[in-house]
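Below, each value reflects all heavy atoms present in this structure, side chains not excepted, and no hydrogens, waters or symmetry copies.
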Amino acid sequence: MQTLNAHFDGRFIVLDEPARLKPNDKVMVIAPDANDDGLADGCARLSESAFQKIWDNPLDADYDRL
């Protein structure tokens, strides 16, 4: 899976960067509601457990004291 930047031009969703997609490949588009400022916070909360597994290890303990 890959994350791609894109924008909506008023009619279509247009990728802002090249992508290795074939015709008719399925994609998932996640867009915030017009008045939803919490998307970034929600994504950050969802990734906390993954980051904790990566960062909570003895090799990174030196950074705990910064």
Side-chain angles (χ1 to χ4, degrees):
M1 187 171 292
Q2 56 187 318
T3 301
L4 303 168
N5 292 314
H7 65 277
F8 180 62
D9 69 0
R11 188 164 177 204
F12 298 104
I13 295 172
V14 181
L15 296 177
D16 294 335
E17 55 199 77
R20 287 182 267 159
L21 296 170
K22 295 176 283 201
N24 298 314
D25 274 354
K26 300 285 184 197
V27 298
M28 179 186 304
V29 177
I30 300 173
D33 293 332
N35 57 0
D36 184 10
D37 294 333
L39 180 63
D41 291 335
C43 291
R45 275 194 303 280
L46 289 172
S47 59
E48 281 178 3
S49 63
F51 285 132
Q52 184 174 15
K53 289 177 187 175
I54 293 168
W55 290 335
D56 192 17
N57 66 70
L59 295 175
D60 287 340
D62 292 336
Y63 293 103
D64 294 342
R65 293 185 290 275
L66 294 178

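The closest side-chain heavy-atom distance from Leu21 to Leu15 is below 4.5 Å. The closest side-chain heavy-atom distance from Leu46 to Glu48 is not below 4.5 Å.
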Full working for side chain to side chain contact (heavy atoms under 4.5 Å, CB included) between Met28 and Ile30: CA-CA 7 Å; Met28 179 186 304; Ile30 300 173; 4.1 Å; yes
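Taken to the nearest 0.5 Å, the NE2 atom of His7 stands 5.5 Å off from the CG atom of Asp9. The distance from atom CD1 of Ile13 to atom CG of Leu4, rounded to the nearest 0.5 Å, is 11.5 Å.
When the side chains of ILVMFWY residues are joined at heavy-atom separations under 4.5 Å, either directly or via intervening members, Val29 and Phe8 end up in a single hydrophobic cluster.
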